[in-house]
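Report on the structure given below.
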Amino acid sequence: EIDAAFEQIHAGWDKDAIEKEMQVASLTPAELKQQLRDLLRIRKYFREEVFARIVVSDAEITEYLKAYPERLERLERVEQVRARHLVVKTLDKAKEVMQRLKSGMPFEEAAIKYSMSPDGAHGGDLGYFAKSVMPKVFDEVCFALKPSERSEIVPTDYGFHIFLLLDKRLASSRPEQVVRQEVELELRRAKERQVQREHINYLQASAKITSRDHVLAQLP
């Protein structure tokens, strides 16, 4: 798994370019693989130990459709977009990632490597979503983009985002069961984001963290 992730990061880069990027980041191949090991371990932990317990019931789907009956009116699919995104903690990190994207790094790889969001494990793929499903800023940015167009850095309550629009669907008719499947996926991803935040807060609150300030002060 680590080797596959390592090869994926290198895909699309020539040897000289990737070596230069690693020198800038002061990383050796062994150190990069260790970072990938840690990242994959964290994502596997959430996927298998935390997200696997999430259930979206038929009752929840029905309740959602009662609250938003327009999703079923005339069984017409509203306009939707499919996008990727990545989110990092600081503006400086977002600028660094944006520069890598502009230098040719595939968006999917950047999301896998840098994004804090649980969907980063899937290349930041948000799937198809209609307006008012995601946070308002997602709608404002993604519905204004054209397919294959990338956004600028977008500050939100969660951090600093970059979006890439993959596809845009116009409204069309579709069966009720398809609508229920769409809602189930939306509710599941919303639960994953909420559970991840809560679980990280729990781990931080229950952990014993020692800060060696004299060591940190010596770092460049």
Side-chain angles (χ1 to χ4, degrees), residues 1-47 79-129 134-135 137-169 185 189 192-193 196 219-220:
E1 291 173 300
I2 296 167
D3 287 342
F6 186 81
E7 291 300 323
Q8 187 176 24
I9 289 174
H10 282 67
W13 292 74
D14 60 49
K15 185 177 180 181
D16 292 339
I18 192 65
E19 288 181 353
K20 182 178 180 181
E21 286 293 325
M22 292 181 69
Q23 288 174 0
V24 171
S26 299
L27 277 177
T28 66
E31 288 170 335
L32 176 57
K33 284 194 173 184
Q34 183 58 51
Q35 287 187 4
L36 289 172
R37 181 187 299 275
D38 294 339
L39 181 64
L40 291 172
R41 182 183 290 117
I42 291 169
R43 287 178 175 161
K44 180 175 285 191
Y45 168 73
F46 274 99
R47 185 174 63 250
E79 183 183 9
Q80 295 178 312
V81 293
R82 181 185 177 192
R84 294 187 190 274
H85 81 132
L86 59 84
V87 57
V88 294
K89 188 174 183 180
T90 67
L91 178 58
D92 285 343
K93 189 64 177 180
K95 289 180 178 179
E96 175 190 335
V97 176
M98 178 64 84
Q99 187 57 48
R100 292 177 185 273
L101 291 171
K102 290 180 177 179
S103 297
M105 187 176 195
F107 196 99
E108 182 178 3
E109 294 175 18
I112 291 173
K113 185 174 181 181
Y114 299 111
S115 183
M116 300 186 302
S117 181
D119 45 51
H122 308 293
D125 193 348
L126 295 168
Y128 284 95
F129 60 92
M134 295 292 187
V137 66
F138 284 45
D139 291 349
E140 293 174 347
V141 175
C142 293
F143 280 87
L145 293 174
K146 299 176 182 178
S148 301
E149 187 177 7
R150 185 180 61 232
S151 75
E152 297 299 323
I153 297 170
V154 181
T156 74
D157 293 337
Y158 307 104
F160 294 87
H161 289 257
I162 302 173
F163 297 89
L164 174 68
L165 190 68
L166 299 177
D167 190 24
K168 185 174 289 187
R169 287 176 174 173
L185 180 59
R189 287 185 167 163
E192 286 180 354
R193 290 193 293 271
Q196 180 178 4
L219 296 176

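Quick note: numbers below take in every heavy atom, side chains included, and nothing from hydrogens, waters or symmetry partners.
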Original post:
How close do Ser115 and Gly120 get, heavy atom to heavy atom, and via which atoms?
Top reply: CB-CA, 4.2 Å
**OP:** Could you tell me how the ring of Phe138 sits relative to the ring of Phe163: parallel (under 30°), tilted (30 to 60°) or perpendicular (over 60°)?
**Re:** perpendicular
Subject >> Ser148 OG to Leu165 CG distance, which is reported to the nearest 0.5 Å >> reply: 8.0 Å
Original post:
Is there a donor-acceptor pair under 3.5 Å between the side chain of Glu31 and the backbone N or O of Thr28?
Top reply: yes
Original post:
Would you say the side chain of Leu185 lies within less than 4.5 Å of the side chain of Tyr128, judging by non-hydrogen atoms?
Top reply: no
Subject >> Residue pair Pro155 / Leu91, side-chain heavy-atom distance below 4.5 Å >> reply: no
Subject >> Phe143 backbone acceptor or donor facing Lys168 side chain under 3.5 Å >> reply: yes
**OP:** Of all the heavy-atom pairs spanning Gly159 and Val87, show the shortest one and how long it is.
**Re:** CA-CG2, 4.0 Å
**OP:** Apply side-chain contact (heavy atoms from CB on, under 4.5 Å) to the pair Phe129 and Val81, showing each step before the final yes or no.
**Re:** CA-CA 6 Å; Phe129 60 92; Val81 293; 3.6 Å; yes
Original post:
For Ala5 and Leu40, which heavy atoms make the closest approach, and how far apart are they?
Top reply: CB-CD1, 4.2 Å
Original post:
Is the closest side-chain heavy-atom distance between Glu96 and Asp92 below 4.5 Å?
Top reply: no
Subject >> Steps toward side-chain contact (heavy atoms from CB on, under 4.5 Å) verdict (Ser117, Leu86) >> reply: CA-CA 7 Å; Ser117 181; Leu86 59 84; over 6 Å; no
Original post:
Please walk me through it: do Ile162 and Val154 pass side-chain contact (heavy atoms from CB on, under 4.5 Å)?
Top reply: CA-CA 6 Å; Ile162 302 173; Val154 181; over 6 Å; no
**OP:** Decide yes or no on side-chain contact (heavy atoms from CB on, under 4.5 Å) for Lys93 and Tyr114, but give the supporting numbers first.
**Re:** CA-CA 9 Å; Lys93 189 64 177 180; Tyr114 299 111; 3.7 Å; yes
Original post:
Would you say Arg189's side chain and Leu126's backbone share a donor-acceptor pair under 3.5 angstrom?
Top reply: yes
Original post:
Looking at Arg43, Lys33, Lys44, Arg41, which hits salt bridge (charged side-chain N to carboxylate O under 4.0 Å, His left out) with Glu1?
Top reply: Lys44
Original post:
What distance separates Met105 CE from Gln99 CD, expressed to the nearest 0.5 Å?
Top reply: 12.5 Å
**OP:** State, to 0.1 Å, how close Ala83 and Cys142 come at their nearest heavy-atom pair, and which atoms those are.
**Re:** CB-SG, 3.9 Å
Original post:
Judged by atom type as modelled, is there a donor-acceptor pair below 3.5 Å linking the side chain of Glu192 to the main-chain atoms of Asp119?
Top reply: no
Original post:
Think Arg150 forms a cation-pi with Phe107, using NZ or CZ under 6.0 Å from the six-ring centre and within 45 degrees of its axis?
Top reply: no
Original post:
Is it true that a side-chain atom of Arg84 and a backbone atom of Gly123 form a donor plus acceptor pair closer than 3.5 Å?
Top reply: yes
Original post:
Is it true that a side-chain atom of Lys113 and a backbone atom of Leu39 form a donor plus acceptor pair closer than 3.5 Å?
Top reply: no
Original post:
Distance only, no hydrogens: is a donor on one side chain within 3.5 Å (strictly under) of an acceptor on the other, for Tyr158 and Arg193?
Top reply: no
**OP:** Please tell me if the side chains of Asp125 and Arg82 come closer than 4.5 Å, counting only heavy atoms from C-beta onward.
**Re:** yes
